[in-house]
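Just follow the structure's listing: the first ligand is 1, and inside any ligand the first atom is 1.
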Amino acid sequence: MKRRTQPGFGTLAIHAGQSPDPTTGAIMTPIFQTSTYVQEAPNKTKGYDYSRSGNPTRTALEGNLAALEGGSWGLGFSSGMAAITCVVNLLQQGDHVIAGNDLYGGTFRLLRTVYEKFGIATTFVDLTDLAELEAAFRPNTRLVMLETPTNPLLRCCDLAAIAKLCRRRHVMTLADNTFATPYLQRPLELGCDLVVHSTTKYLGGHSDVVGGILVGSDPELRPRLAHFQNSCGGTPGPMDCFLVLRGTKTLHVRMDRHCQSALAIAKWLSSHRKVARVYYPGLPSHPTHRTAKKQMKHGGGMVSVELKATVAAAKKFCSHLEVFALAESLGGVESLVDHPASMTHASIPKKERQRAGLADGLIRLSVGIEELDDQIADLDQALRRL
Ligand SMILES: *Cc1c(COP(=O)(O)O)cnc(C)c1O
């Protein structure tokens, strides 16, 4: 067998950041359910003094995700939003942010309703259009926040091209890699400065935990961000870190199935007479398919669909599904369906939603890893009732 110098993704997913417990040999990282650590003498510690500042289960998770993203360090948070907040805290009053115009509703809300009043303004642009990005730069622009694929239109923006434009201007890039996961795409390797995840989604993968992570390579950024992590305090508990660590062990296997089934469902929906439009980056019909092909291993596990139906009928369709549970969130082993206009994206004003092309009748599917035949039969019976 050929020896690799660098372990492959699946090997890193299972082992990176973790080693058997030295005192017992336990193969799994213990859940260090402790708030404090006994010191040998004042300020003489074994590396941990208080669990907001550091916890060994969290250290293992941070090391694991840093390896998966190809970064050199990770910082764990109690939610994806806490991780994003930490990055915005690097900015000063008067700084300017450019963000994608169909990004996660919570990120939009954070920038609009929390940071704007502190004098940090954000311009929302279509980041799949590099000219639009270039026109939005101001002398005080410090941060470009992007998601790819976006939520829920699954538009892919060119990570390498955006990173290059930002580097030239010394503007920091933060890529939200929640939808793609590092198995499909690694923004740091394409030149982005920071990667953020809601580990609540594919990394945890089992809909049993809320968490976030930041990963980067720049050694100077780590202490600045760790300062805000410790000062603001949105850190994860050890049990939550353990759950995400358990999730990442099967990330590569789950993602292959998510992607395979999502592609099959996207194709099946595309040929259905009651379907107006399917959004899936893995299909050539998607406007950003070429970018997806360039930077992603597969098309991902999310499919959005516009039905030939009224908004009321689209909502009813969601309720008639059985294998697909009607719920917010995504990325778990079970299939979910979401009506963005009334659920996940309701915090975005209707006018802004329309400007971003987010129709009120749009439905978002998080394709789980149940049997494909059962998933399609479920969609079929709900479409028949329309
Ligand atoms: C869910 C999500 C977030 C927010 O993460 P929480 O863990 O819910 O705080 C941010 N970005 C994307 C793309 C998400 O899907």
Open item on the list: Which Ile, Leu, Val, Met, Phe, Trp or Tyr residues join Leu130 in one cluster when any pair of side-chain heavy atoms under 4.5 Å counts as a link?
Closed with: Ile98, Val125, Leu127, Leu133, Phe137, Val144, Leu146, Leu159, Ile162, Leu165, Val171, Leu190

TODO: Start with the C-alpha distance between Arg58 and Asp240, add both sets of side-chain angles, then the distance that settles salt bridge (charged side-chain N to carboxylate O under 4.0 Å, His left out), and finish with yes or no.
DONE: CA-CA 9 Å; Arg58 189 172 107 201; Asp240 289 353; over 6 Å; no

Task: Candidate pair Asp102 and Arg353, rule salt bridge (charged side-chain N to carboxylate O under 4.0 Å, His left out), full reasoning - done: CA-CA 8 Å; Asp102 63 344; Arg353 285 204 308 265; over 6 Å; no

- [ ] Considering only Ile, Leu, Val, Met, Phe, Trp and Tyr, and joining two whenever side-chain heavy atoms are under 4.5 Å apart, list the other residues clustered with Val311.
- [x] none

I'd like the atom pairs linking ligand 1 to the protein - N or O on both sides, separation under 3.5 Å - with distances to 0.1 Å.
from	atom 1	to	atom 2	distance (Å)
ligand 1	5 (O)	Ser198	OG	3.0
ligand 1	7 (O)	Gly80	N	2.9
ligand 1	7 (O)	Ser198	OG	2.8
ligand 1	7 (O)	Thr200	OG1	2.8
ligand 1	9 (O)	Gly80	N	3.0
ligand 1	9 (O)	Met81	N	2.9
ligand 1	11 (N)	Asp176	OD2	2.7
ligand 1	15 (O)	Lys201	NZ	2.7

Task: Distance under 6.0 Å and angle within 45° of ring axis: Lys201 vs Tyr104 - done: yes

Task: Nonpolar side-chain network containing Tyr279, other nodes, edges under 4.5 Å - done: Leu153, Leu358, Leu362

